[in-house]
Amino acid sequence: MDSLKLSSGLIFIQLVLLAFVFNSANAQLKVGFYKDTCPQAEAIVKGVMDQVLKVAPSLSGPLLRLHFHDCFVRGCDASILLNSCAGQAEKDSPPNLSLRGYQVIDRVKAALEKKCPGVVSCADILAIVARDVTAATLGPSWRVETGRRDGRVSNISEPITNLPPFFANISQLLTQFRSKNLSKKDLVVLSGAHTLGTSHCSSFDSRLYNFTGKGDTDPTLDSEYIARLKKICKAGDQITLVEMDPGGVRTFDNSYYKLVANRRALFHSDAALLDNNYTKAYVKLQSVESDGSTFFKDFGVSMRKMGRVEVLTGKAGEIRKVCSKVN
């Protein structure tokens with residue numbers, strides 16, 4: 001009995017220590033971290049992004065996605081941006097091969113280095129850019145917490161086990177989000193980012209042509225939508241891009257939830273949101289909201305929460321001079 005009490009006590013102490021470490025790291029993130037060291041940091045980022053989106057508005061979705069893909073692997077440490085001569089970095093991993101916008105981050109970093117050399121991290125740039133592209137596409141804005149440091153490690157295998165795949169079921173999605181200290185509400189809210197951007201046919205063509213390995217279609221996908229998608233995506237198509245939110249691919253709004261509710265979302269992981277009572281109720285609520293105001297507020301909250309995942313702060317990591325390589 002005494003040994004059982006001792007074991008339970010040790011476990012409790014370990015949990016308290018883990019919570020302390022987690023909260024201590026987050027406590028060093030704050031709005032206005034660069035107030036004294038680079039007060040124009042966010043204005044510089046916005047200036048570059050305004051120029052970029054004016055000539056390349058289609059980059060809004062990919063740039064938002066970079067922050068997601070970064071935070072889910074090793075935390076928000078800009079490891080997604082690192083290059084590898086041997087092609088063994090996160091960006092070389094299959095789930096990340098379709099990512100775009102790296103050159104934009106490099107452009108933002110160059111502008112910041114010119115004004116405030118060695119001060120603003122690449123991880124913070126990703127977080128600020130994610131906010132700015134959301135706001136620029138008529139979506140919400142929020143105050144970004146900064147103070148992240150950049151990691152020095154990027155491994156090709158880690159995105160495969162850490163990023164929620166497009167074919168995930170609801171149990172897998174909830175498990176992966178819980179592992180990042182994110183809730184079921186964060187899952188359904190952050191999925192709303194699929195209102196921006198495009199996807200390759202190969203990410204969902206199994207739902208059209210071979211869902212169970214018998215040449216069948218996914219019964220959870222609207223049959224009329226299947227017929228429409230088959231005209232765009234032939235079996236085995238690895239090249240063609242499809243708008244995730246048809247007609248609204250460059251506007252951040254709540255129409256994603258209308259697509260999910262009507263069984264017209266591209267990914268199986270989107271359709272899976274209807275397989276949990278909580279996430280289904282949120283989808284249904286947002287699908288009838290006229291202005292998406294609740295979703296907009298929720299999105300800002302969940303983005304800030306995701307931006308705290310496993311961050312490096314204080315003296316951990318480094319501030320890269322060039323985002324694609326360690327100092």
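Please read all numbers here as calculations on a predicted model, not as lab measurements.
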Would you indicate whether the side-chain heavy atoms of [Y] and [X] approach each other to under 4.5 Å?
X    : Y    : result
L59  : Q103 : yes
P94  : I160 : yes
Q172 : P164 : no
T146 : L29  : no
S191 : L187 : yes
Y225 : P246 : yes
L81  : I105 : yes
T240 : I232 : yes

Enumerate the salt bridge (Lys or Arg N to Asp or Glu O under 4.0 Å) contacts for [range], please, sequence neighbours excluded, ordered by first and then second residue.
range            : result
residues 229-241 : none
residues 153-170 : R74-E158
residues 212-225 : R207-D218, D222-R264, E224-R264

Please list, chain by chain and in numerical order, all residues satisfying ring pair (Phe, Tyr, Trp, His ring centres under 6.0 Å) with [X], sequence neighbours excluded.
X    : result
F299 : W142, F252, F295
F267 : H194
F211 : H268
Y282 : Y257

Which heavy-atom pair separates [X] from [Y] by the least distance, and what is that distance?
X    : Y    : result
F204 : L266 : CB-O, 3.3 Å
C122 : R320 : SG-CB, 4.0 Å
S179 : E310 : O-OE2, 4.4 Å

Pairs touching residues 150-239 that satisfy disulfide bond (SG atoms under 2.5 Å apart), sequence neighbours left out |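 Pairs touching residues 150-239 that pass the test: C201-C233.
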For the [atom1] atom of [X] and the [atom2] atom of [Y], what is their distance to the nearest 0.5 Å?
X    : Y    : atom1 : atom2 : answer
R178 : L173 : CZ    : CG    : 10.5 Å
T37  : I319 : OG1   : CD1   : 9.0 Å
T313 : F33  : OG1   : CZ    : 8.5 Å
L208 : I226 : CG    : CD1   : 6.5 Å
L126 : C71  : CG    : SG    : 8.0 Å
Q238 : S98  : CD    : OG    : 11.5 Å

Taking [Y]'s backbone N and O only, do any of them form a donor-acceptor pair with [X]'s side chain (distance below 3.5 Å, no angle check)?
X    : Y    : value
T279 : N276 : yes
T251 : G248 : no
S93  : I156 : yes
R143 : V31  : no
D77  : D150 : no
N210 : G215 : yes
R65  : L196 : yes
K109 : V322 : no
N96  : L99  : no
S203 : S199 : no

Would you sort out whether S206 and F167 count as a side-chain contact (heavy atoms from CB on, under 4.5 Å), showing the intermediate values?
-> CA-CA 9 Å; S206 65; F167 51 81; over 6 Å; no
Membership question, hydrophobic clusters at under 4.5 Å side-chain separation (ILVMFWY): are [Y] and [X] in the same one?
X    : Y    : answer
V48  : L64  : yes
V189 : V133 : yes
L273 : L285 : no
F68  : F296 : yes
L312 : V120 : no

Could you check V249 against T198 for side-chain contact (heavy atoms from CB on, under 4.5 Å), going step by step and ending with a plain yes or no?
-> CA-CA 7 Å; V249 69; T198 58; 4.1 Å; yes
Salt bridge [X]-[Y], side-chain N to carboxylate O under 4.0 Å:
X    : Y    : value
E113 : K321 : no
E145 : R304 : yes
D298 : K185 : yes
D50  : K54  : no

Could I get the full list of salt bridge (charged side-chain N to carboxylate O under 4.0 Å, His left out) partners for D124, not counting sequence neighbours?
-> R148
Mind checking salt bridge (charged side-chain N to carboxylate O under 4.0 Å, His left out) for R131 and listing every partner two or more places apart, or none if nothing turns up?
->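 If we apply the salt bridge (charged side-chain N to carboxylate O under 4.0 Å, His left out) test to R131, skipping adjacent residues, the hits are E42.
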K180/M306 under side-chain contact (heavy atoms from CB on, under 4.5 Å): CA gap, chis, key distance, verdict | CA-CA 8 Å; K180 306 302 177 184; M306 186 188 73; over 6 Å; no
Taking everything shown except N277 itself, do over 12 heavy atoms lie less than 6.0 Å from its CG?
->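 Not buried by this count: 12 neighbours or fewer within 6.0 Å.
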Evaluate whether atom CG of L97 has more than 12 neighbouring non-hydrogen atoms of other residues, nucleotides or ligands under 6.0 angstrom away.
->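 It does: L97 CG has more than 12 such atoms within range.
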Test log, rule side-chain contact (heavy atoms from CB on, under 4.5 Å), inputs V104 and M49 | CA-CA 8 Å; V104 175; M49 292 314 305; 3.7 Å; yes
Contacts of type side chain to side chain donor-acceptor pair (under 3.5 Å), residue Q51, not counting sequence neighbours |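 R107.
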Mind checking side chain to side chain donor-acceptor pair (under 3.5 Å) for D186 and listing every partner two or more places apart, or none if nothing turns up?
-> S183, S302, K305
Would you say the side-chain atoms of S79 and E90 include a donor-acceptor pair closer than 3.5 Å?
-> yes
State, without any angle test, whether K325 and N83 hold a side-chain donor-acceptor pair at a distance under 3.5 Å.
-> no
